[in-house]
Amino acid sequence: MKNYDKLIFELSVEGRTGFSLPDNRWEHRLPEIPEVLCRRSESGLPQVSEPDVVRHYTNLSSMNFGVDTGFYPLGSCTMKYNPKINEETASLPGFTSVHPLQPEETMQGTLQVCHELEKALCAVTGMAAFTLCPFAGAHGELTGLMIMRQYHMSRNDMKRTKVIVPDSAHGTNPASAAVCGLRVVQVRSTPDGTIDVEDLKPLLDDTVAGIMMTNPNTLGLFETEISRIADLVHGCGGLLYYDGANMNPLLGKVRPGDMGFDIMHLNLHKTFSTPHGGGGPGSGPVGVSAALWDYLPYPKVTADGDGKYHLMSGSHTAGRVSGFMGNFSVMVKALTYIMMLGNKNIRMAGPLAALNANYVKESLKDCYRLPIDRVCKHEFVFDGLADTSSGITALEIAKRLLDYGFHAPTIYFPLLFHQAIMIEPTETESKDTLDAFIEAMRNIAREAVSEPDILHDAPHGTPVRRSDETLAATRPVLRYRQVE
Amino acid sequence: MGFSYFPHTDEDIREMLKKIGAGSLDDLYSDVPEEFIFKGEFDLPEPMSEMEVRRKFSGMAGRNRSLTVFCGCGAYDHYSPAVIQYLISRSEFQTAYTPYQAEVSQGTLRYIFEYQSMITMLTGLDCSNASMYDGATAAAEAMMMALACTKKKSRVLLSSTLLPQVLEVVGTYARYHGIDIGHVQMSDGVTSLEDLQRQLAADDVAGVLVPSLNRYGIIENLEGFADAVHAHKGLLMTYSDPSALAVIRTPGEWGADIACGDCQSLGMPLSAGGPYAGYLACRQDYVRKMPGRIVGETVDRDGRRSYVLTLQAREQHIRREKATSNICSNQSLMALYATIYLSLLGRDGLRQVNALSYGGAHYLYDRLLSTGLFSPVFDKPFLKEFVLDTVIPAERLQQHLCDNGFFAALATDDGHVSFCVTEKRTREEIDSLVDCISNMA
Amino acid sequence: MAKVNEGLYYSETHEWVRMVDGYALVGITDYAQHALGNIVYVDMPDVDDEVSADEEFGAVESVKAASDLISPVTGTVTETNEALENTPGLLNTDPYGAWIVKVRLAEDGLPGNLMDAAAYADFCANL
């Protein structure tokens with residue numbers, strides 16, 4: 001089925017059926033509903049057989065590239081291997097059949113998973129408590145900032161509405177702050193990519209709610225001035241928020257809580273091996289220091305002395321941020337991962353991630369421009385090719401990598417460099433895989449000079465080739481319409 | 001001995017460190033101040049083997065009581081055809097990232113395009129995004145979107161008949177975002193149009209959110225709502241159960257501008273509250289203000305049909321603090337879940353699901369009333385969920401039912417008890433639920 | 001090198017103003033359209049909306065960027081360029097022909113600090 005090119009609607013034939021439901025033997029029938037309340041138009045949903053559906057989606061899956069397909073060095077995304085035992089524990093019927101509003105005493109196993117996960121996350125981050133409600137990293141950021149505001153507001157410190165964000169930050173940081181009603185002020189980076197403490201000082205006053213930091217930052221560099229920054233921000237009454245997007249290299253080695261952070265989020269789908277699912281579901285638990293426990297959103301799982309678990313709410317809670325208690329099955333997967341690693345192997349996760357990143361960096365820095373040449377953590381950023389004479393762009397390099405069977409790195413982020421190529425190998429890749437990737441990158445650097453056209457036109461062997469994004473955005477076609 | 005997720009041999013590590021010019025793995029952290037290197041013991045168990053992990057989790061799952069579900073309130077026990085779990089488990093879907101590299105993500109992009117199409121079919125609106133976290137957060141996003149679509153308005157009205165958790169989440173977002181929230185009163189189980197008109201008079205309302213199936217399971221009659229809201233230059237938003245939209249009047253047919261809700265009712269496992277997926281749909285005029293990812297159709301350089309993430313200039317990674325929303329990911333795999341569910345059920349299957357749920361729910365309703373222990377609260381048409389008043393103390397009733405293997409008669413915060421019946425419930429199950437209650441008295 | 005047209009007023013945020021029959025036509029400069037790349041959408045104000053100098057009145061979007069439109073003048077929008085709704089790419093192909101809004105100026109609605117063509121060309125050369 002190479003070149004499969006159908007939408008499910010194009011397989012639809014009047015009279016086909018893909019379901020098997022009992023016959024309707026009830027006395028009460030839908031036509032009892034007053035007509036004014038009834039749907040008038042046909043839905044247009046497809047009519048396809050079960051084999052049609054299975055083959056269609058199997059064919060679609062073959063047009064995808066996942067971590068299980070090959071190396072996925074997407075910077076800032078931590079595309080590590082997703083263990084299969086996670087899937088098995090998460091799909092235990094004892095977990096999947098629980099209604100979220102069931103009485104506590106009938107869902108003790110579910111609450112135990114939440115409680116054990118919270119304890120484990122506290123252990124590896126040095127925070128005092130976590131809420132598991134947030135659904136994703138950006139949702140965690142928003143929740144964390146709500147906790148920050150709630151803390152200031154409950155102390156009647158109403159003027160603290162300014163949040164400081166580095167210019168190298170992920171776009172979600174300023175966006176989350178704005179959704180939370182905070183005013184964003186940027187702090188500059190120094191030429192070596194870390195926060196410019198001198199630029200930070202004048203921003204610190206009694207309107208500062210806090211600062212959002214990623215450490216290591218988006219260049220994969222550790223913020224060595226973190227102690228000073230923490231003292232300065234705390235000194236003016238602000239709180240430190242840790243964006244856990246880059247937690248992976250610190251796993252088992254450094255704890256955000258020990259660095260002075262008051263609030264943080266984690267991405268279970270990055271650091272704790274749960275699959276990204278093509279963009280979700282993820283999970284973005286938010287951890288806080290002991291002083292902020294009471295501000296966590298509800299429902300919050302607690303344990304009493306005799307092994308019973310309860311759901312409750314703090315008296316100064318930031319409120320409810322999710323319909324129920326978050327993406328529970330993602331939590332099962334993350335806890336499974338942590339149990340597999342245990343106290344011993346978890347110590348190796350961060351260091352091996354850093355080893356892989358530094359190895360790739362050192363092996364390629366002669367043919368790609370490395371703007372900041374120092375030891376990195378989980379990722380690093382090249383600024384295009386070392387030899388710029390060909391004019392080859394980061395985009396072309398990324399697209400050509402697809403032909404070599406690798407997923408592309410993140411490109412054009414962070415915004416500090418014009419031809420940013422951000423590479424994050426993660427700890428689950430072998431030296432052999434990295435060597436093959438390095439070889440491909442070196443080949444591409446050679447092709448840039450010898451056969452630039454092959455890069456201009458890349459990729460060549462993918463299910464589709466480069467697509468017309470201008471057309472897509474100028475005349476948006478966002479849904480299927482039957483040809484009249 | 002090595003660990004199965006880390007491929008490095010000691011020899012690999014030695015060679016790689018040599019290339020880097022580092023003496024040890026610790027050297028890679030030489031720039032971290034010494035006091036921040038964690039030297040203690042992690043409060044975690046020893047590493048477990050897969051067998052031990054399996055035993056531990058089976059044990060925890062076994063601590064949950066297996067109950068026959070007769071409750072909804074935002075999470076519905078609909079049947080999930082076998083095909084779905086099988087297909088969404090394919091690792092090409094599961095282990096992919098967001099489809100930024102369109103050339104190697106056509107699988108994800110195409111199913112999202114199909115998902116968007118199906119949501120527009122169900123809602124009767126023009127455009128859908130690629131999904132949101134859940135129904136409650138989708139409602140919060142809808143609120144912020146309404147504000148972005150209407151100039152210089154700062155107030156949003158919420159119907160009191162919305163699910164409590166939706167009201168609470170929207171309220172949380174509003175409080176921090178600085179949106180003035182008003183509540184439209186309930187009148188005999190449904191949203192009061194009269195109260196709505198009164199609150200619209202000040203012309204400061206950006207949007208109004210009303211449910212089409214409300215917290216009592218009642219199908220609301222929204223005749224006149226769109227006209228009233230539009231007359232004051234606001235947007236009408238509905239919170240609608242997508243499963244029910246196969247049979248009840250659609251947001252588009254009511255004249256709504258934005259629709260949101262939770263796709264959980266499309267056969268997704270209850271799973272203690274997640275993962276589900278929220279949906280968000282709108283009229284064409286507002287698509288550029290819609291948060292979240294959107295997939296569009298285009299052509300590749302060989303002229304082949306292809307799909308890409310589009311209208312990205314709306315999103316946080318470009319607009320940063322000026323974006324309407326901070327949302328970054330969607331619930332992609334759950335959108336795939338919904339898409340496969342709707343492909344299998346199709347036009348007729350989804351009607352059948354509703355017909356069976358309707359028949360069972362009304363059977364239970366009649367039987368409960370006939371026990372003499374319950375009395376009706378509202379006289380309004382409902383689909384699969386309803387509330388009653390009872391002479392039995394609600395807490396005792398629920399406890400008794402739990403002890404007998406049922407999750408039913410959930411006490412609502414306004415003093416009623418709530419029941420729900422889906423196509424999964426048989427006549428025998430309903431009869432034994434009613435018998436169990438009768439035996440109490 | 002971006003093109004600059006004589007006879008227009010220019011702002012530091014790369015909008016231009018052309019005075020026609022007492023009305024101000026406002027568009028974006030060649031420099032701006034180059035920086036954005038292929039423009040796919042123009043978010044325009046409604047007729048009768050008030051615009052103020054140095055304040056946002058809309059936005060232009062390309063595939064991978066978005067930029068707010070900052071009004072160089074103060075007044076009332078009397079017309080928007082409907083051609084841009086279907087063909088936003090006109091801002092790329094003909095930046096000085098494709099105006100975005102027509103504004104009836106308020107009193108002192110044309111600020112004195114706008115640049116002429118030569119000054120704007122210098123301004124761009126130093127960016």
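A, B, ... follow the sequence lines: proteins, then strands. Residue 1 opens every chain. What you are looking at is a predicted structure, and each value in this text was computed from that prediction instead of being measured.
- Checking A/Thr224 against B/Asp31 by side-chain atom types alone, no donor-acceptor pair falls below 3.5 Å.
- Between chain A and the residues B/Gln94, B/Glu423, B/Glu297, B/Glu223, the largest count of heavy-atom pairs under 4.5 Å involves B/Gln94.
- In terms of heavy-atom proximity, A/Ala138 sits nearest to B/Tyr133 at CB-OH, 4.0 Å.
- Using a 4.0 Å cut-off between charged nitrogen and carboxylate oxygen, B/Arg427 and A/Glu27 count as a salt-bridge pair.
- Counting only N and O atoms by type, the side chains of A/Glu32 and B/Tyr358 include a donor and acceptor under 3.5 Å apart.
- For a residue to count as touching a neighbouring chain, one of its non-hydrogen atoms must lie under 4.5 Å from one of that chain's; by this rule A/Tyr81 touches chain B with the side chain only.
- Among B/Glu92, B/Arg301, B/His362, the residue with the largest count of heavy-atom pairs under 4.5 Å with chain A is B/Arg301.
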Could you go through A/Asp5 and B/Arg304, starting from their C-alpha distance and side-chain angles, then the distance that decides it, and tell me whether this counts as salt bridge (Lys or Arg N to Asp or Glu O under 4.0 Å)? CA-CA 9 Å; A/Asp5 185 34; B/Arg304 283 169 57 96; 5.1 Å; no
Evaluate side chain to side chain donor-acceptor pair (under 3.5 Å) for B/Thr108 paired with A/Asn64, printing each intermediate quantity in order. CA-CA 7 Å; B/Thr108 302; A/Asn64 256 13; 2.7 Å; yes
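- Inspection of the A/Asn24 and B/Gln352 side chains reveals no N or O donor paired with an N or O acceptor under 3.5 Å.
- Donor-acceptor pairing under 3.5 Å is recorded for the side chains of B/Arg63 and A/Gln112.
- Under a cutoff of 6.0 Å and an axis angle of 45°, A/Lys253 and B/Phe38 do not form a cation-pi pair.
- Contacts with chain B were tallied for A/Ala398, A/Ala177, A/Ala175; A/Ala175 has the most, counting heavy-atom pairs under 4.5 Å.
- In terms of heavy-atom pairs under 4.5 Å with chain B, the best-connected choice from A/Met340, A/Gln102, A/Lys431 is A/Met340.
- The side-chain heavy atoms of B/Met16 and A/Asn356, taken from C-beta on, include a pair separated by under 4.5 Å.
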Trace of the salt bridge (Lys or Arg N to Asp or Glu O under 4.0 Å) decision for A/Arg465 with B/Glu103: CA-CA 6 Å; A/Arg465 299 186 60 206; B/Glu103 296 88 341; over 6 Å; no
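- Considering every non-hydrogen atom in both A/Ser43 and B/Arg347, the closest pair reads OG-CG, 3.9 Å.
- Contacts with chain A were tallied for B/Gly346, B/Cys328, B/Ala136; B/Gly346 has the most, counting heavy-atom pairs under 4.5 Å.
- Taking 4.0 Å as the cut-off between side-chain N and carboxylate O, B/Arg90 and A/Asp68 do not count as a salt-bridged pair.
- Ranked by heavy-atom pairs shorter than 4.5 Å toward chain A, the options B/Gln398, B/Arg65, B/Lys56 are led by B/Arg65.
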Apply the test side chain to side chain contact (heavy atoms under 4.5 Å, CB included) to residues A/Lys344 and B/Phe3: give CA-CA distance (whole Å), side-chain angles for both, the deciding distance (0.1 Å), then the verdict. CA-CA 10 Å; A/Lys344 185 166 114 254; B/Phe3 176 59; over 6 Å; no
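- Using a 4.5 Å heavy-atom threshold, the side chains of B/Ile20 and A/Leu355 count as touching.
- In terms of heavy atoms, A/Pro103 sits closest to B/Cys402 at CG-SG, 3.6 Å.
- For the 3.5 Å distance criterion, the side chains of B/Glu253 and A/Ser41 qualify, holding a donor opposite an acceptor.
- For a residue to count as touching a neighbouring chain, one of its non-hydrogen atoms must lie under 4.5 Å from one of that chain's; by this rule A/Met339 touches chain B with backbone and side chain alike.
- Each of B/Gln101, B/Glu114, B/Arg110, B/Met118 has some count of heavy-atom pairs under 4.5 Å with chain A, and the biggest count is that of B/Glu114.
- Taking chain A as the reference chain and counting heavy-atom pairs below 4.5 Å, the highest number among B/Asp77, B/Val32, B/Leu342, B/Leu311 is found for B/Val32.
- Smallest separation of non-hydrogen atoms from B/Tyr111 and A/Gly277: OH-O, 3.8 Å.
- Classification of the A/Trp26-B/Tyr363 ring pair by plane angle, with boundaries at 30° and 60°, yields tilted.
- Between B/Gln116 and A/Leu478, some side-chain heavy-atom pair lies under the 4.5 Å cut-off.
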